[in-house]
Visitor: 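One structure, as structure tokens, below. Some questions next.
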Amino acid sequence: MTVALMWEARAAEGRGAELLAWARAQELDGTPVRRETFRAPQDRVLVITWWNAAYDAELPELPEPDGGLVTRAVHRWRFESVATDGS
């Protein structure tokens, strides 16, 4: 089974580039099948990691950044793959 972990944060005013650099520099205890980092308006950063694991497996996640770097607590979601395009 493939599990995707999503991590999303919104940077404090004027600190979007710093949050993006921080997220990209975070190392995980383990190597995901895939890892992608995205940015969006309002200085939001999204990191998605894919793992070959059970849905409820204990998996490494990105931590909370220092409070001054973000405007709110990080949002986290976990999804399991049910199909791929063409399936």
Side-chain angles (χ1 to χ4, degrees):
M1 167 184 301
T2 301
V3 176
L5 302 183
M6 296 177 64
W7 176 101
E8 186 265 340
R10 183 171 178 192
E13 182 71 32
R15 298 187 72 183
E18 187 179 349
L19 177 61
L20 178 60
W22 179 92
R24 294 181 74 193
Q26 297 308 299
E27 293 187 22
L28 298 169
D29 292 332
T31 305
V33 173
R34 183 173 165 188
R35 177 177 174 164
E36 287 192 63
T37 304
F38 302 85
R39 64 180 172 187
Q42 300 177 330
D43 289 331
R44 290 177 291 143
V45 174
L46 171 68
V47 178
I48 305 173
T49 57
W50 286 263
W51 304 86
N52 286 328
Y55 181 81
D56 58 355
E58 221 172 285
L59 297 168
E61 297 193 46
L62 271 69
E64 292 275 337
D66 291 336
L69 188 55
V70 294
T71 61
R72 57 167 167 71
V74 168
H75 291 174
R76 300 170 194 274
W77 301 275
R78 183 176 285 225
F79 296 90
E80 66 181 316
S81 178
V82 294
T84 57
D85 290 347
S87 299

Visitor: Would you say that W22 contacts D66 through its side chain, given a criterion of any heavy-atom pair below 4.5 Å between the two side chains?
Guide: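 W22 vs D66: side chains apart.
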Visitor: Nearest heavy-atom pair of L5 and P60: which atoms, and what distance?
Guide: CD1-O, 3.7 Å
Visitor: Find out whether W51 and L28 are in side-chain contact, i.e. whether some heavy atom of one side chain is under 4.5 Å from a heavy atom of the other.
Guide: yes
Visitor: Could you give the distance from CE (M6) to CD (E61), rounded to the nearest 0.5 Å?
Guide: 12.0 Å
Visitor: Say you draw a straight line from CG of L46 to CH2 of W77; how long is it, rounded to the nearest 0.5 Å?
Guide: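 The CH2 atom of W77 is 7.5 Å from CG of L46, to the nearest 0.5 Å.
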Visitor: Just so I know, are the side chains of D43 and R15 near enough to count as touching, which here means a heavy-atom distance under 4.5 Å?
Guide: no
Visitor: So, applying salt bridge (charged side-chain N to carboxylate O under 4.0 Å, His left out) with E8, which one of R76, R39, R72 is it?
Guide: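 Option passing the salt bridge (charged side-chain N to carboxylate O under 4.0 Å, His left out) with E8: R72.
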Visitor: Report yes if some heavy atom in the side chain of R34 is under 4.5 Å from a heavy atom in the side chain of T2; otherwise report no.
Guide: no
Visitor: State, to 0.1 Å, how close P63 and Q26 come at their nearest heavy-atom pair, and which atoms those are.
Guide: CG-OE1, 3.7 Å
Visitor: If you define the side chain from C-beta out and look only at heavy atoms, does anything of Y55 sit under 4.5 Å from M1?
Guide: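 When only atoms from C-beta onward are counted, M1 and Y55 do touch, with a gap below 4.5 Å.
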Visitor: What closest approach, in Å, do A11 and L19 show between heavy atoms, and which atom pair accounts for it?
Guide: N-CD2, 3.5 Å
Visitor: With a 3.5 Å distance limit and no angle check, can you tell me whether R78 reaches the backbone of V3 through a side-chain donor-acceptor pair?
Guide: no
Visitor: Identify the heavy atoms of T49 and P32 that sit nearest to each other, and give their distance.
Guide: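 Taking every non-hydrogen atom into account, CB-CB, 4.0 Å.
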Visitor: Looking at every non-hydrogen atom in both residues, tell me the closest pair between V74 and P65 and how far apart they are.
Guide: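 In this case the closest contact between V74 and P65 is CG2-CD, 3.5 Å.
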Visitor: Taking the side chain from R24 and the backbone from A21, do they hold a donor-acceptor pair closer than 3.5 Å?
Guide: no
Visitor: In the structure I gave you, are the side-chain heavy atoms of W50 and E36 within less than 4.5 Å of one another anywhere?
Guide: yes
